[in-house]
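Data first, discussion second: the structure below is written as structure tokens.
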Amino acid sequence: MATDTLKSTTGASGASAVRRLLLDNGALTALIALVIAMSALSGDFLTTDNLLNIGVQAAVTAILAFGVTFVIVSAGIDLSVGSVAALSATVLAWMATSQGVPVWIAVILAVATGIACGLVNGVLISYGKLPPFIATLAMLSVGRGLSLVISQGSPIAFPESVSHLGDTLGGWLPVPVLVMVVMGLITALILGRTYIGRSMYAIGGNEEAARLSGLRVKKQKLAIYALSGLFAAAAGIVLASRLSSAQPQAAQGYELDAIAAVVIGGASLAGGTGKASGTLIGALILAVLRNGLNLLSVSAFWQQVVIGVVIALAVLLDTVRRKAGATPVAAGTGAPGGRGKQAATYIIAAVVAAAVVGAMSFLHNGSSSSATKKVGLSLSTLNNPFFVQIKSGAQQEAKKLGVDLTVTDAQNDASQQANQLQNFTSSGLGSIIVNPVDSDAAGPAVRSANKAGIPVVGVDRGVNKADTAALVASDNIAGGKLGAKAMAEKLGGKGKIVILQGLAGTSASRERGAGFAEGLKAYPGIEVVARQPADFDRTKGLDVMTNLLQAHPDIQGVFAENDEMALGAVKALGSKAGTSVSVIGFDGEPDGLKAVKDGTMYASVAQQPKELGRIAVENALNAAEGKKVEKTVMVPVKVVTKENVAGFGG
């Protein structure tokens, strides 16, 4: 029967013993090496605040990964944990706010939601005979969809009593870290001391042998996936507490991080091996990597490459370890004192790491220079030309002013952006510029920067419940109204139109849509026959527009909440674009302006993104130097058509 421990089949001494120690504790060795490397490369890494940041940033991934550990040990997979986490948090917030349910009952319902999702997965896999990959992939979609349905695509404020889970004890110890430790201890207890834990290893080692040995495999799988759902619910509550709001799009892609943490920690996707301590180390490795790469100003795109390489190396190490002669030990038959040896290994590793890290700290003593001209820019995404233009304008101005600008990409993930802002704060930058994924979710991290005395400048979108030195923005609502006016005038005040909406839950989509709807009130002859989200994406805009044309072939206009979706609609419309159907976009990005010039798009509500980036850097530097800055700096929006596109500079 396979277990989570490995024992060499041959003795070793000297160099062989060291080699064996490194192979059998590959994840721990990698973590120590990473900590030492980051300590040497960045003087900001070893600060107390930054080390606590790493713990907080690892917490949600670790809690999710603990639940996934149960599944992977039993040779299964769970792709739904990110969506289940978001759904559970949304249920809690919705019940406690919109429905007036007492908070403690709302918490129970949120946890029950996670367990129910896990049980559905278990039923589909055990009794429906669906492969775990397919069953949990379906739940990934269902969970995310239900989260959006309940929240109507908008974040829901989290109950203040539960939001304390995102706070600190005694002003320094983060509660998410404590929750992570408790959930880790529960995981270790279940795996090592309970009947269901031993069953997981048995099923993962050889399911048929486990069944023939008398294990009720189907019922055990129900319990295993229910545990995964329970841990996902806990992770969702902790995540929403950190952001002070339940985000319907929260935790996207976290299931991959959770699986990666388990694999990096030494578990095998084939089942039969894995342990809580290894999973925790895997989560810490991912957090240290992201934190350190942020501090070193490594591109967010390269960060994904590095993390992918680390996952591949972790699996390769597992293969090398097995080829080197390590063999599974039957459950409960480990060598006497095995647990003591493992504990001693961890203690020795901690002592060695502390000693080396302490030595490294002397390299940076007294070496820090004035941070006034160091500025961090956290963008909601760089997968959109509009924000790439903001970055370009910011970098040009930074170069001109001699500012050291670090740019990060939150990839439309409010939690990832919170981590980046915390990293900026612990780095002691002169000032921070933030383009929030969500205005409410960015609040707690910006408040931390406020406490540290670091001025924060918002760009394009504001930050709620926090102090910003300045907001450099265009008025999305005013832009939406201008778009409605331009559409109505083009159509002569009457006609049928469709609206392509942006990413559900984002403030840009809400505000542009609200402005357009408000503007249309003055034109009752304009009928909106369909509204569909296309997530600010050109390909999705093409697909959604193609589908809408089947039901509404007689439309005369399309309003898209950004140029990317508008360009997708133009492609779907073909020869109709610019002739029988007028398309209006939003942002004024280069491709959109070219389409306006060519006549396939009627207009774009242009925001001058380069100017936004330039002014944001200028104000951030002034704020860092203690100079007076305007609280709100509005960059005018304008409707760009074929008549005036030649004179528009962006």
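- Without hydrogens or angle criteria, D440 side chain to K465 main chain gives no donor-acceptor distance under 3.5 Å.
- A side-chain donor-acceptor contact under 3.5 Å links N435 to the backbone of V459.
- At least one side-chain heavy atom of I432 sits less than 4.5 Å from a side-chain heavy atom of T425.
- In terms of heavy atoms, L293 sits closest to M38 at N-CE, 4.3 Å.
- Minimum heavy-atom separation, A65 to V262: O-CG2, 3.4 Å.
- Judged by distance alone, the side chains of S426 and N50 do bring a donor and an acceptor atom under 3.5 Å apart.
- Test N562, D563, D591 against S604 for side chain to side chain donor-acceptor pair (under 3.5 Å) and you get one pass: D563.
- Across all their heavy atoms, A466 and G443 have their closest contact at CB-O, 3.8 Å.
- A donor-acceptor contact shorter than 3.5 Å links the side chain of D537 to the backbone of T539.
- Taking the six-membered ring where the residue is Trp, F559 and F586 present perpendicular rings, their angle passing 60° and hence far from 30°.
- Nearest heavy atoms, L379 versus F387: CD1-O, 3.7 Å.
- Looking at Q249 and N412, their side chains never bring a donor and an acceptor atom within 3.5 Å of each other.
- Side chain of S241 to backbone of V162: a donor-acceptor contact under 3.5 angstrom is found.
- The closest side-chain donor-acceptor pair between D587 and Q389, if any, does not fall under 3.5 angstrom.
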